[in-house]
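Structure first, then comments.
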Amino acid sequence: HEHNAQTSAWVRGQDKGRAALVKAFPDKLFVSCRENINPEVDAEQVLEEVAHDHADIVFTTSSRMHTACLKVAAQHPKTRILNCSLNAPHPLVRTYYPRTYEVTYLLGMLAGVMARTDRVGYVADTPTFGVPANINAFALGARMVNPRVKVSLQWSCLPGDPIQAFQKQGITVISGRDTPTPFRPAREFGTFRISPGGTLMDLASPFWHWGQFYENVVRTVLDGGWTRDKSGTDGTAVNYWWGMNSGVMDVLLSRELPHDVRHLANILRSGIIAGSIDPFACYITAQNGTVMNEGRTGFTPEQILHMDWLCDAVEGHLPEFDELMDCARPMYRMQGIHRDRLPAEKEADL
């Protein structure tokens with residue numbers, strides 16, 4: 001882990017997954033954990049140590065460790081190394097991440113229902129691969145129940161406080177960060193409503209079931225499925241991009257939601273899991289007026305992952321590198337949707 005379970009909700013979630021994994025295979029696994037690993041300074045050395053200790057599987061939970069993973073995997077082909085990232089396929093290192101847009105579609109529907117006006121808010125982290133799909137899915141979910149809705153988009157990677165910006169606009173129903181964030185109120189996570197007195201009421205939250213993911217991967221190793229995937233032996237790169245139907249990701253509904261709204265959310269949830277509901281299988285127009293989908297079918301995984309446009313229900317833009325705060329730029333260099341546009345002099349800053 002790049003951080004630790006005491007200070008990072010992301011690591012705490014992963015730790016719960018680790019505990020669930022041990023419980024699932026009580027007599028077959030020995031699991032160790034390394035925390036506070038600097039991706040650029042310590043990761044390669046720690047991975048070398050783990051590989052020399054004959055670890056069979058290594059999960060690295062920060063996309064910033066991908067480069068270190070590649071270096072170590074090349075020297076230790078018998079160690080199965082996985083990195084939690086998107087759009088970084090390589091035959092030597094398998095990547096994994098949930099299809100979060102399925103959950104944001106549900107959260108958008110709930111926001112559209114629970115808002116007392118035609119405007120809702122959405123906080124995005126960094127314009128990396130998959131993030132525009134999350135924003136668009138949220139907007140499409142909201143528009144499904146309110147065709148007049150507009151989604152005000154704010155970015156946590158830009159200067160300013162997104163919540164204050166929403167309050168100035170009179171927006172009270174907001175989809176906050178995907179994971180709880182240090183130094184921010186715990187309820188600025190998931191979708192929530194701000195009452196007239198300023199109290200935050202939780203409406204729904206994404207649930208990352210890392211234990212299910214770990215169990216699925218370990219089971220493929222134990223039953224020989226990992227070898228049958230042939231990753232690395234024929235140049236094939238394997239990416240686990242699992243959705244709600246795998247049990248890896250879900251949505252937790254607040255008891256404060258009206259019963260009819262909960263019922264609708266559960267209908268959509270069941271449809272997504274069954275594959276009968278596709279958030280993008282509808283008529284979609286981009287902000288510039290271009291028709292992106294006629295609605296006869298959905299998008300391919302590649303189209304979803306590499307989305308670099310916003311639908312016309314969104315008020316806001318996808319920021320470029322120069323707009324980002326310094327703390328967000330390393331992630332953009334690795335996973336930014338327009339990272340290939342970075343001038344050479346900016347790349348030289350690495």
Side-chain angles (χ1 to χ4, degrees), residues 99-124 130-155 162 165-176 178 190-194 201-206 243-244 251 253-254 256-299 303-304 307-318:
R99 292 202 299 267
T100 52
Y101 69 86
E102 295 177 343
V103 167
T104 59
Y105 179 69
L106 273 170
L107 297 180
M109 181 279 292
L110 291 171
V113 169
M114 297 301 293
R116 296 188 174 94
T117 68
D118 293 336
R119 304 194 71 212
V120 296
Y122 187 97
V123 180
V131 170
N134 293 342
I135 299 167
N136 287 334
F138 179 85
L140 294 170
R143 193 166 62 183
M144 178 180 64
V145 294
N146 180 358
R148 301 174 304 278
V149 76
K150 292 293 183 181
V151 177
S152 176
L153 174 62
Q154 300 289 329
W155 294 88
F166 291 136
Q167 290 178 309
K168 289 179 180 179
Q169 298 174 46
I171 293 173
T172 57
V173 175
I174 299 163
S175 183
D178 287 340
T191 299
F192 56 90
R193 183 166 62 191
I194 303 177
M201 183 184 79
D202 178 49
L203 298 177
S205 301
M244 292 175 64
V251 61
L253 303 177
S254 169
E256 302 296 326
L257 289 172
H259 292 295
D260 291 342
V261 175
R262 289 175 61 89
H263 182 56
L264 176 59
N266 282 319
I267 290 174
L268 290 179
R269 175 182 176 276
S270 297
I272 291 173
I273 292 174
S276 59
I277 294 178
D278 181 341
F280 297 118
C282 59
Y283 190 88
I284 305 175
T285 305
Q287 288 176 327
N288 63 5
T290 302
V291 176
M292 306 305 295
N293 193 359
E294 295 283 355
R296 288 185 289 270
T297 185
F299 294 127
Q303 288 173 318
I304 294 171
M307 224 175 253
D308 62 352
W309 51 270
L310 299 174
C311 81
D312 58 358
V314 179
E315 296 177 340
H317 73 292
L318 298 172

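We count residues from 1, following the sequence as given.
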Step by step, work out the side chain to side chain contact (heavy atoms under 4.5 Å, CB included) result for Y101 and N136.
CA-CA 8 Å; Y101 69 86; N136 287 334; over 6 Å; no
Trace of the side chain to side chain contact (heavy atoms under 4.5 Å, CB included) decision for N266 with L253:
CA-CA 9 Å; N266 282 319; L253 303 177; 3.8 Å; yes
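At least one side-chain heavy atom of C282 sits less than 4.5 Å from a side-chain heavy atom of L140. Proximity of I135 to V151: side-chain heavy atoms (C-beta onward) are nowhere separated by under 4.5 Å. You'll find the side chain of M144 reaches within 4.5 Å of the side chain of L268, heavy atoms only. Looking at heavy atoms from C-beta onward, Y105 lies out of side-chain contact with V103 at the 4.5 angstrom threshold. When side chains are defined from C-beta on, I174 does not count as touching Y122, because their heavy atoms never get closer than 4.5 Å. No side-chain heavy atom of T191 sits under 4.5 Å from any side-chain heavy atom of D202.
Of the inter-residue distances, the one linking Q167 atom CD with I194 atom CD1 reads 4.5 Å to the nearest 0.5 angstrom. T117 contributes atom OG1, which lies 7.0 Å from atom CD1 of I171 (distance to the nearest 0.5 angstrom). N134 contributes atom CG, which lies 10.5 Å from atom CD of E102 (distance to the nearest 0.5 angstrom). To the nearest 0.5 Å, the span separating CD1 on I267 from CD1 on I277 amounts to 8.5 Å. Taken to the nearest 0.5 Å, the OH atom of Y283 stands 11.5 Å off from the CE atom of M292. The structure places CZ of F192 at 13.0 Å from OG of S254, a figure rounded to the nearest 0.5 Å.
Residues satisfying the side-chain hydrogen bond (donor to acceptor under 3.5 Å, both in side chains) criterion with T290, sequence neighbours excluded, are N288. Listed by chain and residue number, D118 satisfy the salt bridge (charged side-chain N to carboxylate O under 4.0 Å, His left out) test with R148 (two or more places apart in sequence, or in another chain). For I273, the side chain to side chain contact (heavy atoms under 4.5 Å, CB included) partners two or more places apart in sequence, or in a different chain, are M244, N245, R269. Annotation: salt bridge (charged side-chain N to carboxylate O under 4.0 Å, His left out) contacts of D308 (sequence neighbours excluded): none. Shown here are the salt bridge (charged side-chain N to carboxylate O under 4.0 Å, His left out) partners of D278, two or more places apart in sequence or in another chain: there are none. Applying the side chain to side chain contact (heavy atoms under 4.5 Å, CB included) criterion to A313, with sequence neighbours excluded, gives A139, R143, C311. By the side-chain hydrogen bond (donor to acceptor under 3.5 Å, both in side chains) test, D260 is found to be paired with no residue, residues two or more places apart in sequence or in another chain being considered. A search for side chain to side chain contact (heavy atoms under 4.5 Å, CB included) contacts involving R296 returns E294, not counting sequence neighbours. Listed by chain and number, the residues in a salt bridge (charged side-chain N to carboxylate O under 4.0 Å, His left out) with R119 are E315 (sequence neighbours excluded).
Nearest approach of L310 to G316, heavy atoms of both residues: CD1-O, 3.9 Å. Scanning all heavy atoms of the two residues, the minimum distance from A286 to D312 falls at O-CB, 3.6 Å. Scanning both residues, T104 and A137, for their nearest heavy atoms gives OG1-CB, 3.6 Å.
Between the side chain of W309 and the backbone N or O of P132 there is no donor-acceptor pair closer than 3.5 Å. Remark: the backbone N or O of F280 is paired with a side-chain donor or acceptor of N293 at under 3.5 angstrom. With hydrogens and angles ignored, the 3.5 Å screen pairs a side-chain donor or acceptor of S276 with a backbone N or O of G271. With Q169 contributing its side chain and S152 its backbone, the two residues share no donor-acceptor pair below 3.5 Å.
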I'd like a table of donor-acceptor pairs (distance under 3.5 Å, sequence neighbours excluded) in which one partner is a side-chain atom from residues 106-114, with atom names and distances.
none

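Listed by first and then second residue, the salt bridge (Lys or Arg N to Asp or Glu O under 4.0 Å) pairs that reach into residues 280-289 come to none, sequence neighbours excluded. For residues 130-141, the set of pairs meeting the salt bridge (Lys or Arg N to Asp or Glu O under 4.0 Å) definition, not counting sequence neighbours, is empty.
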